[in-house]
Number of protein chains: 2
Amino acid sequence: MPARRVSIGDIASQLKLSPSTVSRALAHNPDVSETTRQRVQQLAQELGYQPNQVAVALRRGHSNTLGVLVPHLAGTFFPEVVDGITEAASQAGYNVMICQSREDAEQERKNLELLMNAPVAGLLVSLASSTQNYAPFEAVRTANLPLVFFDRAIEGLTGEHISSVVIDDYAGAYMAVSHLVEQGCRRIAHLAGPPHLAIYEQRHRGYEQALHDHGLPYRPELVCPIGQHQPDGAAAMRQLLQLPCPPDAVFSSGDSALVGALQVLKELGYRVPDDVALAGFSNAEFTALTEPPLTTVDQHSHQMGREAVNQLLRMLHTATPTAVVLRPQLLVRASSQRVGQQQSLAG
Amino acid sequence: MPARRVSIGDIASQLKLSPSTVSRALAHNPDVSETTRQRVQQLAQELGYQPNQVAVALRRGHSNTLGVLVPHLAGTFFPEVVDGITEAASQAGYNVMICQSREDAEQERKNLELLMNAPVAGLLVSLASSTQNYAPFEAVRTANLPLVFFDRAIEGLTGEHISSVVIDDYAGAYMAVSHLVEQGCRRIAHLAGPPHLAIYEQRHRGYEQALHDHGLPYRPELVCPIGQHQPDGAAAMRQLLQLPCPPDAVFSSGDSALVGALQVLKELGYRVPDDVALAGFSNAEFTALTEPPLTTVDQHSHQMGREAVNQLLRMLHTATPTAVVLRPQLLVRASSQRVGQQQSLAG
DNA sequence: TTGAAAGCGCTAACAC
DNA sequence: GTGTTAGCGCTTTCAA
C-alpha cells in the first residue's frame, strides 16, 4: 500500500477544476479568483500536497539544485567549505548535491557528467589533484552551465559562465614566512605540496619571494616537495635535520604535514619554537590543540563556500563572472613566537 | 547560444527511426536488431548523448539519488560518515544529495520535505539535537520511502522501510569507564550530553553501569550535563575541581568538551593522567595530537556511512529492515594510562 | 523488429 | 476567471 502522493490532478478532480487553474491558484497567479484560490489552497493543505520537483525541473529545463564536486571530505577544510555552501544555498532556496572525486581525475569526470545530467542549476568545483586533462570542463563550458571553481581552480579556463573563488595563497605564504624571518629565523625550510596544483605553486612562490625580500638566500636543499599527510611531514623533517646545516624554521604548505614535523622535533628533543619555529597553512582544527599550538594561515573556508554560492547566483542572474580572491589571515601561535610571552592554548 | 543537449528524439530523426527504437537500442533491449543497435550507439557516442536524468526520474517515479540529512558538517564525525555514504553510494551507482539541519528541528522538517520532493530513492538521516516532534518522520514512513537512521535514531519509530545503524554507545562508555577504573581511578566524573538524544543517554547509562559493576558509587555531583563544545568542557572542569572531593578521572561523552577539560587541567597545574585521567568519545582527529594524546572511543564513522547505504540498498531490494549496531573500539592513549610506559604520539 | 501512442506531473500559450 | 491543449524527455504498452 504505497501511499500515493497527491498531485495537482487529484486536487483538480476533487474540486471539479482543471489542473491549470489549480496550478495557477497554487502559484498565486492573480488571474485566479480569490474564492477558488482559497478553496484550492485549503484542500492542498488538507491533503498535504507537495509539488513534484522532478516534474517541475523537467518542465522548466533546470532544477534548483546546485552540484558540488570536492576532492574529498576528510580533514577540516572541505567540510567547512561545503558547510558554507549548503548554508548559503539553502538560504537562497537551493539544495545541494555533493560528489567526491577522491582526488581521482577519472572519478571527477564521471561525477561531472552525473551532475550535468542531474541536472543542476550550476556547478561548484574544486579540482582533484590528479586532474591534468581539462576536457570535461570544456564540456561544461560549452553547455553554458554556470561553474564556480573554489580553492583549486583551472588557471587558464575562462568563459562567460565561469567564476572562481580562491584565497591569495601567495600572500598567505608570504605573510607566514615574513613572520618567521621577523622572529629571527634565517634558515627556513619549506614542506611543499604537489607543484601542479596552483595553490601549492603559489605558496611556494610566496615562500621564495619572502625570503628574497628579506635578503635571505633560496636554498633548494631546504625545500621538500612531499605529500600532504602527517607521515610525509615527519619523514621530511627527519631528512632536514640530517643536513649539515639544519633549518631553524619550517613553513609547511599544509597543517597535517606540519604536525608530523612537530612530532619528530619533540621526539628528538628539539625545542619549538626556540630551536625550530613552525608555521603551517589551513588553520586545521587541531593546530590550536597541539603543544605548542601551531601558527598557521587561515583560509576563511566557510566564507569561501558562501562566496562561491554568491558567485554562482550572480551568474544565474546574468551578471558577468568574476574571479574573487580572498585575503588569508595569519594566526600567530606559540609554535613560531620566539620573543614575548607564550600565548594561551586557545587559538 | 546555449548549446542544446542532444535528446533521443534528435538521434531518432537523424537515423529516421522512432524514439522508442532508439530508447530500446540504448537500453540494450534484445528486441532491437544488432545493426540498428550499433548505428544508434555509434551516433549517440558521436553526438555525446547523455540521458536526461530528470526525465528518467519522472518517468520511473523515482531517482537514483539518495538523500542525506545530517545535523551539521563541523567536526570530524559527520564528514567521515558522509564520506562513507558517498563512497558506498557511488559504488552502487547512486548519487547523494546532502542537507544540513543545523541541529534545528524546523530546518530538519523543511529539508525532509525538500528531499522527499527531490525525489530521492531513500533517505539517510541523523537527527537534529532539538528534534522532539517526530511527525515529519511519520510522513516519511507513510510515504513508504526507505529510511535509514544513522548514529542518532528515533528509538520508537519502526516500520516496514525503516532501518538504523548506530554504534553501541552503552558498550563504548562501559569500556571507557571500566578502563579508567582499572587504571586505579575511583572518582570518575562524567561530562554528559543533551539527555534527550539517545546516544548521550546510552553513554550515561554505560558510565553508570560500569561504576556499579566495579563497586563504585554513582555520585550525581560528578555528572555534568553540558553542551558539546570546548568551552563547555572547560567550564565543567573548573567546577568539578572546586568540589570538596574533586574527581581523579573524567569520562566525556564527546572529544571537544574533553579537550576543554584538558586545557583547564594543564593551566591549573594538574598532571594528566596521574592527577586526573581522561577518556572521551568519538576519536576526533585531534585527540591523537594533544599532549598527552587522549584516550577515546572510536565510532567507525566511515564504516557507519557505508553500512547505512547497505541497509538502504537492501530495503530498496525488498529485504526487511534491520537495526545494525556497530561495536565501538576503545583507543587507549596516554591521557588515561597510569602504569607502564607512555605510548608514542601516533594514535 | 519497429512504430505509434500514451503518460509520468507540471505549466504556459491560447482559447473562451 | 477558467478550461483546453500541448509538451518538457523518456519509457512502455500495444499494435503492426
Side-chain angles (χ1 to χ4, degrees), chain A residues 2-41 43-44 47-65 113-114 116-121 143, chain B residues 2-41 43-44 47-65 113-114 116-121 143:
Chain A
R4 220 179 64 66
R5 301 171 49 111
V6 5
S7 71
I8 283 195
D10 299 336
I11 301 183
S13 53
Q14 287 202 36
L15 255 38
K16 305 205 188 305
L17 287 170
S18 74
S20 15
T21 306
V22 174
S23 172
R24 282 188 277 248
L26 291 170
H28 289 89
N29 185 320
D31 286 352
V32 75
S33 81
E34 181 59 20
T35 37
T36 344
R37 220 214 57 209
Q38 294 210 350
R39 289 207 309 149
V40 170
Q41 301 256 4
L43 185 58
L47 299 182
Y49 166 77
Q50 296 291 344
N52 181 329
Q53 297 298 349
V54 174
V56 174
L58 180 61
R59 185 77 237 274
R60 286 217 229 286
H62 65 262
S63 69
N64 60 340
T65 299
E113 210 169 75
L114 193 92
M116 288 180 72
N117 303 327
V120 294
Chain B
R4 217 178 67 65
R5 301 172 48 112
V6 4
S7 71
I8 283 195
D10 299 335
I11 301 182
S13 52
Q14 287 202 36
L15 255 38
K16 303 206 189 307
L17 286 170
S18 74
S20 11
T21 306
V22 174
S23 173
R24 281 188 277 248
L26 291 170
H28 289 89
N29 186 319
D31 286 351
V32 77
S33 80
E34 182 59 20
T35 37
T36 0
R37 219 215 59 206
Q38 294 209 350
R39 290 207 309 148
V40 170
Q41 300 256 4
L43 185 59
L47 299 181
Y49 167 78
Q50 295 292 343
N52 181 330
Q53 297 298 350
V54 174
V56 174
L58 181 60
R59 183 74 237 269
R60 286 216 228 286
H62 65 264
S63 68
N64 61 340
T65 299
E113 211 169 75
L114 193 90
M116 289 180 71
N117 303 326
V120 294

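Chain naming here is simple, since letters A, B, ... match the order of the sequence lines and numbering starts at 1 in each.
Residues satisfying the side chain to side chain contact (heavy atoms under 4.5 Å, CB included) test with Gln38(A), not counting sequence neighbours, are Glu34(A). Taking the side chain to side chain contact (heavy atoms under 4.5 Å, CB included) definition, one finds that Leu114(A) meets it with Cys99(A), Asn111(A), Asn95(B), sequence neighbours left out. In this structure Ser23(B) satisfies the side chain to side chain donor-acceptor pair (under 3.5 Å) test with no other residue, sequence neighbours excluded. For Arg24(A), the salt bridge (Lys or Arg N to Asp or Glu O under 4.0 Å) test picks out no residue, with sequence neighbours left out. Glu113(B) is linked by a side chain to side chain donor-acceptor pair (under 3.5 Å) to Gln50(A), Arg109(B), counting only residues two or more places apart in sequence or in another chain. Every residue was checked against the salt bridge (Lys or Arg N to Asp or Glu O under 4.0 Å) condition with Arg39(A), not counting sequence neighbours, and none meets it. Scored by the side chain to side chain donor-acceptor pair (under 3.5 Å) test, Ser13(A) finds no partners at all (sequence neighbours excluded).
The stretch residues 29-41 of chain B does not touch DNA chain D, since none of its heavy atoms comes less than 4.0 Å from the strand.
You'll find the side chain of Arg37(A) stays beyond 4.5 Å of the side chain of Asn29(A), heavy atoms only. Residues Leu15(B) and Val22(B) have side chains not in contact (no heavy-atom distance under 4.5 Å, counting atoms from C-beta outward).
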* To do: Test side chain to side chain contact (heavy atoms under 4.5 Å, CB included) on Leu26(A) and Tyr49(A) and set out the steps.
  => CA-CA 10 Å; Leu26(A) 291 170; Tyr49(A) 166 77; 3.6 Å; yes

* To do: Determine, step by step, whether Ile11(B) and Val6(B) satisfy the side chain to side chain contact (heavy atoms under 4.5 Å, CB included) criterion, reporting the C-alpha distance in whole Å, the side-chain angles of both residues, the deciding distance to 0.1 Å, and the verdict.
  => CA-CA 8 Å; Ile11(B) 301 182; Val6(B) 4; 4.3 Å; yes

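With a cutoff of under 4.0 Å to any heavy atom of chain B, the contacted region of DNA chain D is bounded 5' to 3' by dG9(D) to dT13(D).
In this structure, the helix from dT1(C)-dA16(D) to dC16(C)-dG1(D) shows an angle of 50° between the axis at its start and the axis at its end, each fitted on 5 base pairs and rounded to 10°.
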* For every nucleotide of nucleotides 4-9 of chain C, 5' to 3': is a protein heavy atom under 4.0 Å from its base (B), only from its sugar-phosphate (S), or from neither (-)? -> BB-BBB

Distance-only criterion, 3.5 Å: show the donor-acceptor pairs between side-chain atoms of residues 53-63 of chain A and protein atoms not counting sequence neighbours.
| from | atom 1 | to | atom 2 | distance (Å) |
| --- | --- | --- | --- | --- |
| Ser63(A) | OG | Thr65(A) | N | 3.2 |
| Ser63(A) | OG | Pro119(A) | O | 2.7 |

